[in-house]
Amino acid sequence: QVQLVESGGGLVQPGGSLRVTCAASGSTSSIKAMGWYRQAPGKQRELVASITSEGSLKYADSVKGRFTISRDNDKNTVYLQMNSLKPEDTAVYYCNAVVVALLTHFEKNYWGKGTLVTVSS
């Protein structure tokens with residue numbers, strides 16, 4: 001089992017910056033990848049950024065050049081640095097972890113409870 005706890009959300013003006021944090025605990029040695037998703041009211045949850053255990057990065061087109069995902073392996077923590085924030089970035093941001101069993105290769109997704117990011121003047 002993996003537990004994910006997000007923090008760092010809040011109210012930011014357009015053009016501002018914010019960093020959200022995801023701390024993982026439990027069976028962290030089996031985490032294959034971690035990422036950030038977001039969901040605005042009435043919209044589907046979408047991938048914002050992800051990072052694999054080997055360091056491969058992926059970003060949604062809408063955040064490229066503005067957001068940066070990073071990790072601290074020793075602390076089992078992933079960060080999302082958000083710069084040049086826009087009102088359309090407003091959403092609940094969820095941390096995700098993909099866990100794989102070495103023998104069966106069975107993968108399972110774990111989710112945090114989310115942290116709200118509001119971009120408004």
Side-chain angles (χ1 to χ4, degrees):
Q1 296 290 317
V2 172
Q3 295 80 46
L4 304 173
V5 179
E6 303 100 331
S7 62
L11 176 63
V12 187
Q13 67 178 10
S17 297
L18 195 68
R19 187 177 76 165
V20 290
T21 299
C22 176
S25 61
S27 301
T28 57
S29 63
S30 298
I31 294 178
K32 178 181 179 180
M34 295 184 68
W36 287 95
Y37 289 71
R38 67 186 182 187
Q39 186 170 26
K43 300 182 66 176
Q44 297 294 313
R45 186 175 300 186
E46 64 175 350
L47 174 68
V48 178
S50 65
I51 183 168
T52 71
S53 60
E54 297 180 349
S56 297
L57 306 174
K58 185 177 181 64
Y59 295 95
D61 289 340
S62 59
V63 307
K64 287 181 179 178
R66 300 189 298 121
F67 291 10
T68 303
I69 189 170
S70 61
R71 66 180 182 182
D72 184 334
N73 289 330
D74 292 336
K75 296 183 177 180
N76 297 310
T77 301
V78 172
Y79 308 92
L80 183 67
Q81 178 67 47
M82 300 179 286
N83 299 325
S84 302
L85 283 162
K86 305 174 181 179
E88 50 263 45
D89 295 318
T90 297
V92 177
Y93 284 71
Y94 296 92
C95 183
N96 164 261
V98 179
V99 175
V100 60
L102 293 178
L103 294 180
T104 65
H105 298 109
F106 176 79
E107 296 184 353
K108 185 176 181 179
N109 282 287
Y110 292 87
W111 298 91
K113 295 181 179 179
T115 185
L116 177 63
V117 174
T118 302
V119 184
S120 176
S121 59

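Worth saying up front: this structure is predicted, and the values here are computed from it rather than measured.
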Verify same cluster id: Val48, Val5 (apolar side-chain graph, 4.5 Å): no

ILVMFWY cluster, Tyr59 and Val78 together (side-chain gap under 4.5 Å):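 Linked, Tyr59 and Val78 end up in one cluster.
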
Whether [X] side chain and [Y] backbone form a donor-acceptor pair below 3.5 Å:
X: Thr28; Y: Ser25; answer: no
X: Arg71; Y: Ser53; answer: yes
X: Gln13; Y: Ser120; answer: no
X: Ser84; Y: Arg66; answer: no

Answer whether the closest heavy-atom distance between the side chains of [X] and [Y] falls below 4.5 Å.
X: Tyr79; Y: Val20; result: no
X: Ser30; Y: Lys108; result: no
X: Ile31; Y: Val98; result: no
X: Asn96; Y: Asn109; result: yes
X: Val99; Y: Tyr110; result: yes
X: Tyr93; Y: Met82; result: yes
X: Leu80; Y: Thr68; result: no
X: Leu4; Y: Met34; result: yes

Members sharing Val92's hydrophobic cluster (side chains within less than 4.5 Å): Tyr37, Leu47, Tyr94, Trp111, Leu116

Remaining members of hydrophobic cluster (4.5 Å side-chain criterion), Leu102: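 None; Leu102 is a cluster of one.
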
Check against side-chain contact (heavy atoms from CB on, under 4.5 Å), Val12 and Thr118: CA-CA 6 Å; Val12 187; Thr118 302; over 6 Å; no

Rounded distance [0.5 Å steps], CD1 in Ile51 versus CG in Leu57: 5.0 Å

Rounded distance [0.5 Å steps], SG in Cys95 versus CH2 in Trp36: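 Nearest 0.5 Å value for the SG-CH2 distance: 5.0 Å.
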
Heavy-atom neighbours of Glu88 CD exceed 12 at 6.0 Å: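 Yes, because the 6.0 Å sphere around CD of Glu88 holds more than 12 heavy atoms from other groups.
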
Pairwise salt bridge (charged side-chain N to carboxylate O under 4.0 Å, His left out) hits with a residue in residues 19-38, at least two apart: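 The answer is Lys32-Glu107, Arg38-Glu46, Arg38-Asp89.
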
Evaluation steps, side chain to side chain donor-acceptor pair (under 3.5 Å), between Asn83 and Ser17: CA-CA 4 Å; Asn83 299 325; Ser17 297; 2.9 Å; yes

